[in-house]
Amino acid sequence: VIRTNLRYHAPTSVAEACHILAEATEGAVLGGGTMLVPRMVHGERNVTDAVHIRGLGLDTIQRTGDGVDIGAGVTYTQVLEAPAGSVPALLTTMARGITGGAQIRNQGTLAGSASYANPSSDVPACLVALDATLHVHGTDGHRALPAAKFFRGPFRTDLRRDEILTRLSIPDVGVRSGYSKLKLSESSWPIVTAAAVAESRGDGGWRYRLGIGGASAVPVLVDLAALGESGHGLALDDGRTASLVRAAVEEELAEPWSDELAPGHYRRQVAGPVALRALALLKKEIDA
Amino acid sequence: MPGVVTTLTGDQALSHSGPVPHYFDPAVPGDRTAEFRCLAVEKVLYVGQPVAAVVAETLNQAEAALAQIEVDYEVLPFVTDEDAALEDDAPVLFHEWGDNVLIRSAFAEGDVDAAFASAAHRLQDEIRIQRYQTAPMETRGYIATWGLDGVLTFYGSSQNPHPLRSNLATALGVPETKIRVVAARLGGGFGHKFHGYPEEPLVCVLSKATGRPVQWLETRAEAMLVGAREMVHRFEVAFEDDGEIVAIRDRIRANIGALGSMAGWGMSFVAGMAFPGPYRVKHYDVESIAVVTNKAPWNGARGYGKESAALAIERMVDMVAQSLGMDPVAVRRRNFIKSHEFPYWTAAKRLDSGNYDGVMDKVVALAGYEDRRSEQAEARRDGRLLGVGVAFELTPEGGDFPGDLVRGFDTTTVRVDPSGDVRVLTGVTSPGTGNETGIAQVVAREFGISVDKVAVFQGDTDMCPYGYGNASSRSMNVGGGSAVLAARDVKERLALAAGILLEESPESLRFENGWITAPGGHRLSFAEVARAVFTQSVAIPAMDQPQLESTRTYGPSNLLHVPDEKGRVSPYPTYPNSGHIATVEVDTDTGVVRVLSYAAVDDCGTVINPTMVEGQFLGAIVMGIGGALWEELPYADDGSPVASTFKQYLMPRTPDLPEILIGSQVTPSPFTLLGTKGAGEGGVAGAVACIANAVNDALRPLGAKVHQMPLSGPNVLEAINKAAIK
């Protein structure tokens with residue numbers, strides 16, 4: 001159970017929230033609580049001040065030209081229920097695959113998952129693949145970080161103790177995507193996730209991005225420039241592309257992530273096949 | 001610290017509680033044992049061993065205070081691997097033993113060397129089973145409170161309240177008459193709630209010290225310390241061209257952790273005793289060694305070692321089939337003990353009855369075995385790794401272990417109230433299986449009344465006759481059997497009274513539908529006769545049995561402890577069995593296994609309540625599938641346990657499972673009153689073995705074999721990698 005004399009705060013402004021965090025001995029941002037509360041219950045985090053961000057008006061999804069801003073309070077369910085085309089299909093697919101039941105999808109937030117930075121979570125690699133910008137606010141003001149810079153290590157982000165991730169900005173909701181993840185069983189954390197994204201170059205060709213999650217301490221972006229050169233889409237059937245992808249993925253995973261569910265060498269080996277599955281889904285999406 | 005009421009260290013506890021008595025002491029069958037205190041003194045043997053306790057007003061205050069305790073640990077040499085623990089230079093856990101072997105259990109018949117020498121074929125291999133447990137939905141919890149009269153009342157989730165009471169009296173030095181244990185209703189026992197835990201006397205000591213009721217709840221992380229099942233089998237099989245298995249040799253090492261006072265070590269004995277399963281193997285030599293290591297101790301786990309034996313035996317049978325190019329079903333049929341051979345003796349079992357071929361016929365039909373094989377052939381043509389697994393499980397049940405409070409008989413009181421309502425007070429308890437309903441049914445049947453007129457009371461030592469609670473799937477057998485005998489006594493008295501009131505001979509009366517009816521149709525209600533016994537006895541001439549209560553003890557007649565002319569005994573009286581067929585698909589790229597279909601047929605003798613039996617069988621199968629594929633309690637190199645939540649210990653969820661088809665065959669036991677055998681554990685062993693066979697069958701096109709359990713993605717992919725290198 002929660003061992004500390006926990007103070008619960010429900011600030012009404014981001015500035016107030018940051019101020020509380022700055023003052024707290026051990027502060028924590030409470031979003032949906034799906035990670036924070038169990039960790040406090042297990043005594044893995046001894047928080048003195050929980051700052052609930054529900055009252056900050058951050059639970060909105062707002063279009064921004066081609067892109068979309070997803071507030072820090074937006075839950076997986078909100079993403080699932082958003083009108084078609086208002087959020088990237090990749091995020092909808094990802095949210096649909098969040099297990100743990102409706103209670104997790106209803107409570108858990110994308111920004112919360114990003115802030116927790118569990119290497120095995122679905123969200124980080126998706127944000128990297130979508131080229132998202134993460135907006136953080138602190139007592140010193142606002143910073144905008146590319147997703148790839150936000151994740152610093154396992155369970156470690158660039159957030160300072162007084163900072164809150166307030167918004168995820170995704171530049172293009174219209175990108176085509178394919179998402180694949182490997183779990184050992186239904187209750188398993190993802191072992192490897194692969195988010196494949198194709199952005200139109202405007203000349204009929206595509207620019208590909210592949211985010212791999214779960215396989216290393218932070219999500220990695222795999223360089224697939226070679227695949228897009230032909231301008232004729234993905235030729236996944238030929239063995240050459242497959243081995244190219246595998247090699248590119250393995251090269252990024254020099255130091256794969258190990259935990260009690262799977263050793264690093266396993267993750268490294270399966271990442272290629274999982275990536276190819278995501279690319280196959282992407283190809284289907286493009287060809288359709 | 002805020003809220004802290006008292007604290008206790010191991011040294012301080014010494015004067016308040018003696019050693020925690022063993023559930024069953026390994027010194028009874030062997031010659032080694034060890035003492036364990038409710039809090040460790042001087043030396044701890046495993047990460048997680050309790051060293052100090054805090055009582056506080058609230059749980060969070062208590063946990064906060066615990067976190068402030070600094071323990072100065074000097075790290076000593078330690079060993080967590082069972083093979084390493086047997087090396088000459090291994091650190092020895094219990095100095096007086098000289099090595100780390102708790103007990104060696106040997107089971108042998110025939111002339112194994114000669115059989116191996118003359119057999120047409122031989123093979124050898126090893127299979128390693130991971131440490132895993134039963135993960136009951138609700139963890140343990142205890143409340144102790146001392147009354148002003150000096151009586152200790154202990155409420156707890158325990159499968160065996162009376163033996164626990166006896167052991168608390170021993171540990172605390174309190175007269176047994178001053179202790180009442182009330183075992184709470186359980187959602188799941190599985191052996192995890194056998195007693196012998198340090199927290200049992202500890203909570204009592206803390207309640208005494210504070211003069212207040214003290215409650216303790218096991219956290220999930222604490223529950224996950226409890227180990228079980230980790231064993232390695234190194235085996236050889238000799239067989240003939242036609243699939244006949246002529247000899248088996250198996251050397252089993254069980255990594256039982258740091259022993260403790262709980263019931264876990266016995267699983268190493270049963271893993272050997274269960275050989276050679278349902279097969280007529282005349283020559284075998286099995287030795288099972290219980291090895292102590294610096295992991296947390298075991299407690300019982302549903303299957304209780306039989307799942308270990310079944311996995312090894314069933315792998316052997318499949319490997320024989322593969323080696324000869326025979327169908328695995330055919331090899332099983334070739335070796336089954338046949339119906340007419342019962343009772344059938346092995347070194348430490350007299351098998352009661354069975355129709356193993358009949359069960360196999362039924363499961364082959366239920367699974368659509370031929371169709372599954374056709375699907376497999378088609379899938380293989382497409383390059384998919386589809387496997388069909390076959391397994392047969394023989395489950396010794398109802399174990400009786402003289403020398404300790406773990407017995408194969410039990411006692412029940414049946415009482416009829418003046419209202420005609422019936423109370424059954426029994427020494428067996430329900431681990432959540434619903435045996436109280438089954439016991440009510442058999443009593444209601446004796447009296448010819450509806451089952452809702454019967455109330456069954458369990459678990460309160462002040463109310464129920466001394467009994468052994470729940471263990472070894474024996475509750476319906478002996479709780480039901482003793483209840484029926486007691487009910488028959490009471491029925492005789494009711495018949496005597498009704499005969500006088502109806503002016504008929506007692507023998508001519510029928511007890512049906514709540515009425516006691518004479519041949520001519522005259523009748524009295526069951527309730528009227530019951531009331532008459534209380535209100536009219538003695539006053540009416542010859543109605544001289546004024547009391548409607550009987551207490552009877554019953555045990556199956558197949559419990560044999562006096563060695564026969566060949567020195568054989570049978571501590572287990574009943575032998576339910578089941579056949580299993582599953583299909584799985586292995587993902588070539590990732591090694592992840594998906595179970596596509598599952599069918600199983602069980603034979604647990606006479607069935608009292610089909611719904612309950614089916615529920616147990618389904619649950620056992622799912623437990624077996626979980627153990628075969630996912631569940632694991634790994635240790636880090638520094639000797640600390642790694643899994644403490646269900647995100648690290650992967651339990652099966654519904655989407656992981658196919659529809660499970662089940663069927664039943666009934667071959668009554670000739671040695672039990674009701675014809676029943678055990679039902680509760682059966683299914684775990686068959687499922688573990690069936691999935692292991694299915695996965696290995698799936699891997700055959702790659703020339704791969706996986707004998708490291710669980711058959712998780714990483715373990716299966718490693719086997720695939722190895723085959724690719726070859």
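Lettering follows sequence order; numbering is per chain, from 1.
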Heavy-atom count around A:Glu251 CD within 6.0 Å, excluding the residue itself: above 12?
no
Tell me whether the count of non-hydrogen atoms from other residues, nucleotides or ligands lying under 6.0 Å of CG in B:Asp638 goes above 12.
yes
Please round to the nearest 0.5 Å and tell me the distance separating atom CD of A:Gln269 and atom CG of B:Leu717.
4.0 Å
Restricting to non-hydrogen atoms, name the atom on B:Ala704 and the atom on B:Ala719 that form the minimum distance, rounded to 0.1 Å.
CB-O, 3.7 Å
Lys/Arg cation over aromatic A:Trp189: A:Lys183, 6.0 Å, 45° cone:
no
Non-hydrogen atoms of chain B under 4.5 Å away: do they reach the side chain of A:Ile2, the backbone, both or neither?
backbone
Applying a strict 4.5 Å limit to non-hydrogen atoms, the region of A:Arg277 in contact with chain B is side chain
Based on non-hydrogen pairs under 4.5 Å, which of A:Ala262, A:Ser188, A:Pro263, A:Gly272 is most in contact with chain B?
A:Ser188
Quick one: what part of B:Leu59 sits under 4.5 Å from any heavy atom of chain A, side chain, backbone, both or neither?
both
Decide yes or no for A:Tyr266 and A:Leu182: does some side-chain heavy atom of the first lie under 4.5 Å from some side-chain heavy atom of the second?
yes
What residues form a side-chain hydrogen bond (donor to acceptor under 3.5 Å, both in side chains) with A:Tyr76, not counting sequence neighbours?
none
Here the gap from A:Phe151 atom CZ to A:Leu159 atom CG, rounded to the nearest 0.5 Å, amounts to 9.5 Å
Tell me whether the count of non-hydrogen atoms from other residues, nucleotides or ligands lying under 6.0 Å of CD in A:Glu26 goes above 12.
yes
Heavy-atom cut-off 4.5 Å, strictly under: side chain, backbone, both or neither for B:Thr645 against chain A?
side chain
With a 4.5 angstrom heavy-atom cut-off, is it the side chain or the backbone of B:Asn721 that approaches chain A, or both, or neither?
side chain
Which of the residues B:Val593, B:Val592, B:Leu650 is involved in the greatest number of heavy-atom pairs with chain A at under 4.5 angstrom?
B:Leu650
Just to be sure I understand the criterion: a residue of residues 706-714 of chain B counts if one of its heavy atoms is under 4.5 Å from a heavy atom of chain A. Which ones qualify?
B:Gly713, B:Pro714
Specify which of A:Asn46, A:Leu184, A:Val192 makes the most heavy-atom pairs with chain B at under 4.5 Å.
A:Leu184
Any ion pair linking B:Glu230 and B:Lys295 (charged N to carboxylate O, less than 4.0 Å)?
yes
